[in-house]
Amino acid sequence: MLQVIMVSSDSHAGFSTKKWLAVVGIGEDGLSGLGETACRLIAEADVVFGGHRHLHHAASTITGRAVPWPSPFDTAMKAVLAERGLKVCVLASGDPFHFGVGTTLARHVDPSEMIVLPAPSTFSLAAARLGWALNEVETISLHGQPIERIRPLLHPGRRIIALTSDGSSPASIARLLVADGFANSHINVLESLGGGNEQVVACAASELASQRFGELNVVTVDVRVAPDARILPLGFGLDDALFLHDGQITKREIRAVTLSALAPRRGELLWDIGAGSGSIAIEWMLSHPSMRAIAIERNAARIARIRENAARFGIPSLRIVEGAAPGACEGLQMPDAIFIGGGGSRDGIVDFALEALRPGGRLVANAVTLEMEAMLLGLHGRLGGRLTRISIASAEPVGTMSGWRPAMPVTQWAWVKP
C-alpha cells in the first residue's frame, strides 16, 4: 500500500509540544552565520547544551540555562533527556549529522521530536577553501581516534580531509606520512575555519615535523607516493610481507579465497579463531569502515603482533581476546561469520562455533593437517556446505633455472547456517 507522508519544512519552525528539541549547527562565525530561525530557537530555549566554545559564541542570545557538555562526553544523553518537556536547544559544530552530536541524539530521540538546522560542515568549508570537489575527497574523523586510521586512505593521487583532535595532530599525521613513504604529500592545515582568526598553512609532509597549531584545526592531504611507500591495496589477498608474522599466517592466495567464502557484508562481525597474525580479521575490517572483528588468540607473542598489525593497517579498533577457544569465546557478541584457522581440531571448537553463529551466518574452516581435514570431511558429510581443495605452487629457482614449488594443500569447508 502506497503511503504518502507530508513533512513540513523547519525553515520557519519553532518549539511545540512534540518538537521539544532543537539542534542548531553553529560555526566559528558564531551568531552572524546563523539565520533568524536558528537565533530565535536559541533565545527561546529553556536550556541550551553545547561545548564551551559554542556557548561562548551564542552567549549574547541565550536566555535560558547554558549547560556545557560533561567530560567525559555522555553518549547516553542523560542530561538532555532529563529536560524533556522543556524547550531544549543543542548547539553543534557545523552539520550535526556529519560526525556530530546529532547522530548520538538520534539514538535516543525520535527525529519527529527534533528541529534540526545544520550549518556547513568542516569538510564543506575545507573543500570550499581549496576548491576541491567534496564528492571526490576521502573524509575521516580522527577526533579522539588514533591517527593510524588514515592509513587505508593513502593511495596515489587521492585527497583526504581529516578532522583532528588538537594542535599536535597535524605534526603527528605528517610524521606518519613520512614514515610510510608519503613524505612528498602536500598538506594544508586549516585553523579556525569560518572564524575571524582563520588561516591556512601549506607545506609538504616532510616539512611539518613538530609544529603546533591552534586546537581547532583540520588537515588535508594531497597524497604523493615514493617508490617504497606502504600502500594498502583494495581487495583481498594483501602481500604477506605487509604483515608482521612468525609463519603463522594464512597465505595471501588462500586468504583471498577464504575471505571470498566468508562473503563480508557491511556492518557484520567476524570471529577469527586462532588468529595467528590477524590477517583474516584485518582484511575483513579493511573491506569497509563498518566492518567489525574479534581476533581470538592464545599465544602472547602473536597477540602483540596482531595488535601492531592492526595499527599498521589503520584499524586499531580490532578487538583482541586472549585465550584458547572455545572458552575464550564465551560471552562474546553473536557473530555473522566465523573463520577457524589454527587449532580447529581441538575438542569443542567447531561445535561451539556452529552453535554461536547467527542464523544465515557463514563459517569457513581451513585444514592443512590430516586430523583437521578428517574433521571437515565429517562435517561436510553431516551438514553439507561446500568442500574445496586449494593447491598453490610458486615458481622458484632450481639451480640456474626455475621450477614449481608447491605449498601444502589446504582443504576448506564453507557452510551457511540455516
Side-chain angles (χ1 to χ4, degrees), residues 236-240 243 245-264 268-284 293-299 301-303 305-306 309 320-321 323-329 332 335-358 360-394 404-418:
F236 297 142
L238 297 177
D239 191 334
D240 295 346
F243 295 88
H245 64 89
D246 60 358
Q248 189 70 17
I249 183 174
T250 303
K251 299 299 190 292
R252 66 182 301 177
E253 296 87 355
I254 305 299
R255 194 182 328 123
V257 174
T258 299
L259 284 154
S260 176
L262 287 167
E268 289 190 326
L269 172 66
L270 169 76
W271 286 3
D272 183 357
I273 298 178
S277 67
S279 63
I280 293 290
I282 286 170
E283 289 208 36
W284 169 278
I294 302 174
I296 298 104
E297 174 58 57
R298 60 177 179 171
N299 182 290
R302 289 174 182 162
I303 287 170
R305 274 191 287 269
I306 293 171
N309 278 330
I320 302 171
V321 173
C329 302
L332 297 180
D336 302 285
I338 297 176
F339 172 63
I340 301 177
S345 60
R346 292 198 299 273
D347 287 345
I349 292 180
V350 173
D351 288 339
F352 183 90
L354 294 172
E355 180 66 27
L357 190 63
R358 188 184 302 277
R362 289 85 62 204
L363 186 147
V364 176
N366 290 350
V368 293
T369 67
L370 295 177
E371 291 78 7
M372 182 66 177
E373 183 180 81
M375 175 180 288
L376 298 187
L377 291 172
L379 289 166
H380 178 258
R382 178 162 60 93
L383 298 174
R386 187 177 71 254
L387 204 59
T388 306
R389 179 88 158 173
I390 309 167
S391 298
I392 304 292
S394 302
W404 294 110
R405 187 176 299 279
M408 291 182 68
V410 174
T411 300
Q412 182 179 93
W413 180 59
W415 177 75
V416 178
K417 187 170 184 176

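Please read these numbers as outputs of a predicted model, since none were measured by experiment.
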Donor-acceptor contacts, no H, no angles, side chain residues 250-257, under 3.5 Å, sequence neighbours left out:
unit_1 : atom_1 : unit_2 : atom_2 : d
R252   : NE     : G237   : O      : 3.3
R252   : NH2    : G237   : O      : 3.2
R255   : NE     : T250   : O      : 3.0
R255   : NH1    : L238   : O      : 2.7
R255   : NH1    : E283   : OE2    : 2.5
R255   : NH2    : D240   : OD1    : 2.6
R255   : NH2    : T250   : O      : 3.1

| note | For L262 and I338, the nearest pair of non-hydrogen atoms, with its separation, is CD2-O, 3.6 Å
| query | Looking at CG of D272 and CD1 of I320, how far apart are the two atoms once the value is rounded to the nearest 0.5 Å? | reply | 10.5 Å
| Is the side chain of N309 donor-acceptor paired with the backbone N or O of S277 at a distance under 3.5 Å, no angle test? | yes
| remark: Heavy atoms of I273 and C329 approach each other most closely as CD1-SG, 4.3 Å
| Salt-bridge contact E268-R362 (side-chain N to carboxylate O under 4.0 Å) | yes
| message | Would I390 and N366 count as a side-chain contact (heavy atoms from CB on, under 4.5 Å) here? Give the steps. | response | CA-CA 10 Å; I390 309 167; N366 290 350; 5.6 Å; no
| query | Rounded to the nearest 0.5 Å, how far does CD1 of I349 lie from CG of L354? | reply | 12.0 Å
| query | Looking at CE of M408 and OG1 of T369, how far apart are the two atoms once the value is rounded to the nearest 0.5 Å? | reply | 8.0 Å
| said: Closer than 3.5 angstrom, by distance alone: can the side chain of E297 be matched with the main-chain N or O of G276 as a donor-acceptor pair? | reply: yes
| Is there side-chain contact between V321 and W271, with heavy atoms separated by less than 4.5 Å? | no
| query | So do the side chains of Q412 and V364 get within less than 4.5 Å of each other, counting heavy atoms only? | reply | yes
| field | Heavy-atom closest contact (I280 atom, L259 atom, distance) | value | O-CD2, 3.9 Å
| task | With rounding to the nearest 0.5 Å, note down the distance linking CG in L332 to CD1 in I294. | result | 4.5 Å
| message | Using only atom types and a distance under 3.5 Å, with no angle test, would you say the side chain of D336 pairs donor to acceptor with the backbone of G361? | response | no
| remark: Closest non-hydrogen atoms of I306 and A295, given as atom of the first, atom of the second and distance, are CG2-CB, 4.3 Å
| Closest non-hydrogen atom pair, F339 against L270 | N-CD1, 3.8 Å
| remark: Here the gap from L387 atom CG to L377 atom CG, rounded to the nearest 0.5 Å, amounts to 5.5 Å
| message | Under a 3.5 Å distance rule, please check whether W413 uses its side chain to pair with a backbone N or O of T388 as donor and acceptor. | response | no
| said: Once salt bridge (Lys or Arg N to Asp or Glu O under 4.0 Å) is applied, do any residues pair with R298, and if so which ones, sequence neighbours excluded? | reply: none
| query | Can you list every salt bridge (charged side-chain N to carboxylate O under 4.0 Å, His left out) pair that touches residues 370-383, not counting sequence neighbours? | reply | E373-R389
| Shortest non-hydrogen separation from R302 to D246 and the atoms involved | NE-OD2, 2.9 Å
